[in-house]
Amino acid sequence: MNQQPNMTKGAAFLFAGFGLLFLILIIRFAFLQIGGQTDGRVLAVEAEKNYRTSSVIEANRGSILDRNGEPIAVNASSFRLVAVLAEQATEDEDEPRHVVDPEKTASELATVLDMEESAILEQLKDGISRDRYQVEFGNAGRRLSQTEKEKIESMNLPGVLFQREQQRFYPNGVFASHVIGYTSYVTNEDDGTTTMVGELGLEKSLNDLLKATDGKVVEREDYYGLPLFGDGQEITPAIDGKNVTLTLDKKIQTFLEDAMNRVDEKYKPKRMMAIVADPKTGEILAMGQRPSFHPATRVGLEDSWYNENVESRFEPGSTMKSFTLAAAINEGKFPANETFLSGSLRVPGGVINDYNEGVGWGPITFLEGIQRSSNVGISLIARDQLGYDNLYRYLQEFGFDQVTGIGLPGEIPGRIQYEWELEKLNTAFGQGTSVTPIQQIQAFTAIANDGKMMKPQIVKEVFDPNKEEVVTTSEPVVVNEPITAETAKEVRDILETVVTSANGTGNIYSLKDAGYDVFGKTGTAQIYDNEKQEYLSGEGNYIYSFLGGAPVDDPKLIMLVAVQQPELNGEYSSNPVAQIFKPVMSNSLSYLNIKPSDIKKTKSDQVPNVKGKSVKEAIDVMDKVGFQLNVVGSGSNITEQMPVAGTELMAGERVLVKTDGDILIPDLIGWSFQDVMKWIALTNVELNAAGSGYVVDQSVPAGTPLEETGPFVINFQRPYESFRDENMPETEEVEINPVVEEGT
């Protein structure tokens with residue numbers, strides 16, 4: 001009886017509590033039923049997700065191609081290796097889906113991956129000890145090719161799986177790397193998807209054009225995962241990125257990369273910059289630098305993040321005299337044949353010295369001053385003939401105070417130091433004022449293109465593969481006309497004498513042997529040490545450069561090469577620069593089928609009869625008519641000759657004679673196919689040959705007696721064969737056993 005009131009109260013409280021709970025649930029159900037949302041999410045949409053599946057349609061990032069359609073950066077499918085370690089991944093013990101034998105797995109994978117077996121095993125065991133579901137193998141397990149994937153699959157290793165991924169492929173390796181740039185994957189924190197984005201160079205600046213947008217396919221399914229017919233599919237198509245064709249030429253860029261590699265290895269400079277351009281259009285055909293990096297692996301990137309050709313400036317040195325000269329000629333203020341006293345010139349604020357420590361060359365003409373690269377001579381022209389205001393106006397006309405707008409990221413303008421008189425004179429010969437390599441190239445197009453200064457171009461065309469149409473095409477743009485066509489021609493003629501004159505500083509850059517006339521200006525620029533607040537001195541502590549072009553009458557190519565602080569070891573400072581400029585310019589002109597301007601007619605003559613004469617007499621006879629004599633045999637008297645007497649040959653060609661002694665195998669390296677035929681005609685030897693052109697290898701050493709030779713094989717190769725079209729078929733090996741008649 002005493003407990004009854006308490007029980008009644010407890011029951012009342014419980015009833016009230018449960019009643020309130022049911023009321024809340026009823027209100028909640030009513031709210032969900034009416035509003036159809038919870039936590040800001042639509043319940044119908046969430047329910048729909050349980051009956052919808054989606055799959056991704058991969059889109060391709062746009063390709064970057066050279067001017068001839070050769071790939072520079074393209075997308076390619078690759079595979080990422082994953083090793084599943086968790087035992088719960090296996091549902092059937094007879095068909096394990098996790099790694100059951102780490103030692104065997106590591107041993108097998110090491111035969112394919114670029115990773116030590118011990119490192120693979122350690123990765124697997126570490127993952128097992130940490131109860132990880134799966135592990136990967138860093139760079140060694142990424143970017144695997146289809147062939148590598150198939151090799152690993154053939155091993156039948158439990159737990160080893162592959163995930164397909166898009167990879168940016170750079171087939172040429174280190175190839176204008178700072179121009180092209182590289183890509184990386186960025187993960188979206190909201191949905192976990194990854195996107196390939198450009199991180200440097202054109203990959204970055206053109207990312208909006210190159211980027212791809214994946215598509216997807218969405219299907220409705222029932223509770224059991226079967227398609228619900230009648231509802232159809234929702235397809236969002238993939239959108240591929242646009243393809244970008246550059247002005248770069250793969251062949252010319254390859255010439256440049258190879259030359260820079262050789263100089264880099266031999267002279268180990270702090271940095272190098274080089275640009276090759278078409279002065280008629282402003283198109284950049286090649287652009288390179290050292291240090292550089294591999295865009296796929298990023299190796300070397302830590303040494304240089306900047307595109308030195310557009311993102312750095314330096315005091316150009318005497319290459320700037322080209323533009324001071326052009327300004328003076330254009331104003332009719334270049335007294336070519338007047339004389340001045342070279343050596344040194346005292347001006348307010350200091351003394352200007354010629355590069356030979358102020359010694360000079362005595363009284364010389366202003367023309368000779370240009371050839372000798374006299375600082376005093378160009379300073380007198382700037383001060384007394386042209387005038388400081390005019391010089392500054394021309395510097396602006398040539399575009400040294402603004403960016404070129406080439407379209408490469410990070411471009412900076414030049415910095416003209418032009419306040420004090422000494423600074424103005426220093427600027428006239430390239431000291432104090434600093435400019436970028438691309439600015440020098442743009443300004444030099446005015447000299448090479450009859451006064452018309454062309455805007456540098458790097459992008460030639462943009463193509464949309466989704467619409468199969470060209471979106472944009474670049475056209476040549478005349479930025480300015482700072483000088484007249486007559487002035488430009490006169491400047492080229494004078495700069496040609498810098499290369500050809502006995503007084504010129506550019507003799508080493510001559511391409512006379514290849515038949516091309518070169519014009520240009522050398523440069524030696526001091527390097528300012530910001531910490532010591534002074535210019536560096538000593539051997540090699542300069543930036544050596546050459547800015548030139550060819551041919552003189554109708555320039556097809558212009559080129560700038562700059563090499564900073566090479567290890568010269570007593571060599572001429574111009575050697576590293578010339579070893580880039582000369583082969584690149586010569587090979588490029590030849591590749592573009594530019595006809596040499598200096599082709600001398602070769603003298604021809606009839607082959608004299610030397611049969612029956614001594615070898616000494618035959619040598620004297622052949623020397624007089626300009627033929628090269630090769631003796632087959634160890635005797636002293638000549639029994640046969642090839643070609644026979646009376647045959648018409650060009651001066652310098654080879655005449656073979658056979659003596660009465662033993663026949664020895666000659667050194668055939670460098671012999672032409674025709675010369676080898678002459679030798680076969682004299683000796684009746686049987687041999688196999690491969691290729692065409694000139695002999696590069698022989699299987700039997702020179703000096704071996706003919707009767708002791710076994711199988712004899714020689715290999716021919718054409719000049720520049722390493723740069724031939726990759727699609728050309730390989731030359732088949734053919735047997736040479738000709739019948740040569742008298743008189744042929």
Side-chain angles (χ1 to χ4, degrees), residues 247 273-287 309-310 313 316 318-334 386 389-408 411-416 418 427-428 430 433-460 474-496 519-521 523 545-560 562:
T247 61
M273 296 150 279
I275 304 174
V276 182
D278 181 344
K280 300 290 193 298
T281 63
E283 292 180 333
I284 304 301
L285 303 178
M287 181 183 290
N309 287 295
V310 299
R313 51 181 166 241
S318 294
T319 55
M320 182 62 80
K321 293 173 183 174
S322 304
F323 307 107
T324 305
L325 171 66
I329 292 176
N330 206 58
E331 292 292 313
K333 302 290 186 180
F334 178 59
L386 183 59
D389 290 342
N390 271 338
L391 175 58
Y392 186 73
R393 176 171 58 84
Y394 275 97
L395 293 175
Q396 292 178 310
E397 292 285 327
F398 279 115
F400 289 120
D401 62 338
Q402 54 191 316
V403 296
T404 66
I406 186 176
L408 291 170
E411 184 185 5
I412 61 175
R415 180 184 293 142
I416 301 175
Y418 214 76
T427 294
T433 287
S434 56
V435 299
T436 64
I438 194 64
Q439 283 181 311
Q440 292 193 67
I441 284 291
Q442 176 180 267
F444 206 63
T445 60
I447 293 173
N449 190 36
D450 292 337
K452 294 180 175 63
M453 188 168 75
M454 308 303 295
K455 178 182 178 179
Q457 305 267 13
I458 194 68
V459 175
K460 190 175 182 68
S474 64
E475 298 292 338
V477 177
V478 178
V479 179
N480 201 2
E481 295 187 46
I483 56 177
T484 66
E486 293 74 21
T487 295
K489 184 180 185 309
E490 186 174 346
V491 173
R492 293 199 302 269
D493 290 341
I494 292 174
L495 293 184
E496 181 187 12
F519 65 98
K521 187 68 191 71
S545 62
F546 185 74
L547 178 59
V552 174
D553 292 336
D554 185 18
K556 301 297 184 183
L557 295 176
I558 58 174
M559 184 176 182
L560 170 69

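- The structure places CG of Leu395 at 11.0 Å from CG of Asn390, a figure rounded to the nearest 0.5 Å.
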Ile494 vs Ile329, side-chain contact (heavy atoms from CB on, under 4.5 Å): CA-CA, chis, key distance, verdict: CA-CA 11 Å; Ile494 292 174; Ile329 292 176; 3.7 Å; yes

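- Ala277 and Ile284 get closest at one heavy-atom pair: CB-CD1, 3.9 Å.
- Between Ser322 and Ile447, the shortest heavy-atom distance links the atoms O-CD1, 4.1 Å.
- Formation of a donor-acceptor pair under 3.5 Å by the Ser474 side chain with backbone atoms of Lys460 is found in this model.
- For Phe323 against Ala443, the heavy-atom pair with the smallest separation is CE2-CB, 3.5 Å.
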Intermediate values then yes/no, side-chain contact (heavy atoms from CB on, under 4.5 Å), Val435 and Met320: CA-CA 10 Å; Val435 299; Met320 182 62 80; 4.1 Å; yes

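- Ion pair Lys489/Asp493 flagged as a salt bridge, since at least one NZ, NE, NH1 or NH2 atom sits closer than 4.0 Å to an Asp/Glu carboxylate oxygen.
- Partner of Pro456 under the side-chain contact (heavy atoms from CB on, under 4.5 Å) criterion, out of Ile438, Val477, Asn309, Val310: Ile438 alone.
- For the atom pair CD (Gln442) and CZ (Phe398), the distance works out to 10.5 Å, reported to the nearest 0.5 Å.
- Rounded to the nearest 0.5 angstrom, Tyr392 OH and Leu386 CG are separated by 14.5 Å.
- For the pair Leu325 and Lys521, the minimum side-chain heavy-atom distance is 4.5 Å or more.
- Taking each heavy atom of Ser434 and Pro316 in turn, the nearest pair found is CA-CD, 4.4 Å.
- In this structure Lys333 satisfies the side chain to side chain donor-acceptor pair (under 3.5 Å) test with no other residue, sequence neighbours excluded.
- Here Phe444 pairs with Phe519 under the ring pair (Phe, Tyr, Trp, His ring centres under 6.0 Å) rule; sequence neighbours left out.
- Under the 3.5 Å distance criterion, the side-chain polar atoms of Ser318 are left unmatched by any main-chain donor or acceptor of Lys321.
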Thr324 and Tyr394: CA distance, side-chain angles, deciding distance, side-chain contact (heavy atoms from CB on, under 4.5 Å) verdict: CA-CA 8 Å; Thr324 305; Tyr394 275 97; over 6 Å; no

In residues 548-560, what donor-acceptor pairs under 3.5 Å come from side-chain atoms, sequence neighbours left out?
from	atom 1	to	atom 2	distance (Å)
Asp554	OD1	Lys280	NZ	3.0
Asp554	OD2	Lys556	NZ	3.0

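- Between the side chains of Glu411 and Thr436, no donor-acceptor pair is found at a separation under 3.5 Å.
- In this structure, Arg415 places its CZ atom where only 12 or fewer heavy-atom neighbours from other residues, nucleotides or ligands lie under 6.0 Å away.
- Side-chain atoms of Thr281 and Gln457, non-hydrogen and from C-beta on, never get closer than 4.5 Å to each other.
- Listed for the Gln439 side chain is no donor-acceptor partner under 3.5 Å among the backbone atoms of Pro413.
- Of the possible donor and acceptor atoms, one in the side chain of Asn330 sits under 3.5 Å from a partner among the backbone N and O of Thr484.
- Here CG of Asn449 is found 8.5 Å from CZ of Arg492. Values are rounded to the nearest 0.5 Å.
- Atom CE in Met453 sits 6.5 Å away from atom OG1 in Thr445 (nearest 0.5 Å).
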Derivation of the side-chain contact (heavy atoms from CB on, under 4.5 Å) call for Asn480 and Gln396: CA-CA 10 Å; Asn480 201 2; Gln396 292 178 310; over 6 Å; no

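- Heavy atoms only, all atoms of each residue included: Ala446 and Pro482 are closest at CB-CG, 3.9 Å.
- Rounding to the nearest 0.5 angstrom, the gap separating the CE atom in Met454 from the OG1 atom in Thr404 is 13.0 Å.
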